[in-house]
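Read through the structure below, which is laid out as structure tokens, and then see the notes.
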Amino acid sequence: MPEAASEPVVLYVCTTCRAEGDGDGPRAGARLLAAVENALAAEPVPGLRVEPVECLSVCKRPCTVAVTAPDRWTYVYGDLDPETSAPTLLAGIRLYAGTSDGIVPWRARPEAFRKGVIARIPPRASA
């Protein structure tokens, strides 16, 4: 496996995602963010920065996140369950963080990453 880059991995969590059945309480996206933060408190992922965002414009596939790092592919994932997806999400991010280019072999990815991928965006070319 290639050596991992030393730059931090960023997880963007859409906090405005609304799941079917969301009532007056926190939206599904905000609940997913809270679940990720709780999971990280119990088992930190070195070099991971979590950032809430107001909208990733994937409203038909809530809950949605984006995973990115400099010089690596960026992935957008959807269809995440706000109550149960945090451990799987963090397991996938640990695999992503262990790569130099962001590409985790297909069979090594958690099932939620294989089925929930919305987009894969190439690294930005250096000027």
Side-chain angles (χ1 to χ4, degrees):
M1 180 178 283
E3 184 178 320
S6 61
E7 296 290 329
V9 172
V10 179
L11 171 65
Y12 294 104
V13 180
C14 179
T15 59
T16 55
C17 278
R18 185 187 310 264
E20 190 174 319
D22 275 356
D24 293 334
R27 291 184 176 190
R31 294 194 316 269
L32 178 61
L33 175 64
V36 166
E37 289 173 338
N38 287 337
L40 283 171
E43 192 175 340
V45 176
L48 175 62
R49 189 172 77 230
V50 178
E51 293 192 21
V53 293
E54 287 199 18
C55 186
L56 289 173
S57 292
V58 190
C59 302
K60 291 185 179 185
R61 298 206 37 204
C63 292
T64 305
V65 301
V67 180
T68 191
D71 300 317
R72 296 188 211 182
W73 286 80
T74 295
Y75 287 85
V76 179
Y77 298 104
D79 305 320
L80 298 167
D81 183 291
E83 277 68 52
T84 63
S85 292
T88 300
L89 185 56
L90 295 179
I93 289 171
R94 284 183 181 89
L95 293 170
Y96 177 90
T99 69
S100 61
D101 59 5
I103 299 175
V104 175
W106 181 259
R107 291 177 189 247
R109 296 176 193 174
E111 185 175 351
F113 277 29
R114 292 192 307 262
K115 290 185 175 184
V117 69
I118 293 167
R120 184 176 96 152
I121 304 161
R124 192 181 90 176
S126 300

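Note that the coordinates shown come from a computational prediction; the quantities given were computed from them, not determined experimentally.
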Just distance, no hydrogens or angles: give the donor-acceptor pairs under 3.5 Å from side chains in residues 32-39, sequence neighbours left out.
from: N38; atom 1: ND2; to: A34; atom 2: O; distance (Å): 3.3

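Every pair passing side chain to side chain donor-acceptor pair (under 3.5 Å) that includes a residue from residues 15-25 is listed here, sequence neighbours excluded: D22-R31. Among pairs with a residue in residues 50-68, those fulfilling side chain to side chain donor-acceptor pair (under 3.5 Å) read R49-E51, R61-D79, T68-T74, at least two apart in sequence or across chains. Within the structure, the salt bridge (charged side-chain N to carboxylate O under 4.0 Å, His left out) test picks out the following pairs touching residues 105-117 (sequence neighbours left out): E111-K115. Sequence neighbours left out, not one pair with a member in residues 21-66 passes ring-ring contact (aromatic ring centres under 6.0 Å, His included). Residue pairs satisfying the ring-ring contact (aromatic ring centres under 6.0 Å, His included) criterion with at least one member in residues 40-61, sequence neighbours excluded, are absent.
Annotation: the span from L48 atom CG to L90 atom CG amounts to 7.0 Å, rounded to 0.5 Å. How far CG of D101 is from CG of D71: 10.5 Å, rounded to the nearest 0.5 Å.
Nearest heavy-atom pair, G102 versus T99, reported as atom, atom and distance to 0.1 Å: N-OG1, 2.7 Å. Taking each heavy atom of C17 and C63 in turn, the nearest pair found is SG-CA, 3.8 Å. C14 and C55 make their closest contact through SG-CA, 3.7 Å (heavy atoms, listed as atom of the first residue, atom of the second, distance).
L80 and L40 fall within the same hydrophobic cluster, where Ile, Leu, Val, Met, Phe, Trp and Tyr residues are linked whenever their side-chain heavy atoms come under 4.5 Å apart, directly or through other members. Both L89 and V117 belong to a common hydrophobic cluster when Ile, Leu, Val, Met, Phe, Trp and Tyr are linked at side-chain heavy-atom distances under 4.5 angstrom. No continuous path of hydrophobic side-chain contacts links V13 to V10 [ILVMFWY only; heavy atoms under 4.5 Å].
For E43, the side chain to side chain contact (heavy atoms under 4.5 Å, CB included) partners two or more places apart in sequence, or in a different chain, are R94. Taking Y75 as the reference, Y77 meet the ring-ring contact (aromatic ring centres under 6.0 Å, His included) condition, with sequence neighbours excluded.
For R72 (side chain) and Y96 (main-chain N/O), a donor-acceptor pair under 3.5 Å exists by modelled atom type.
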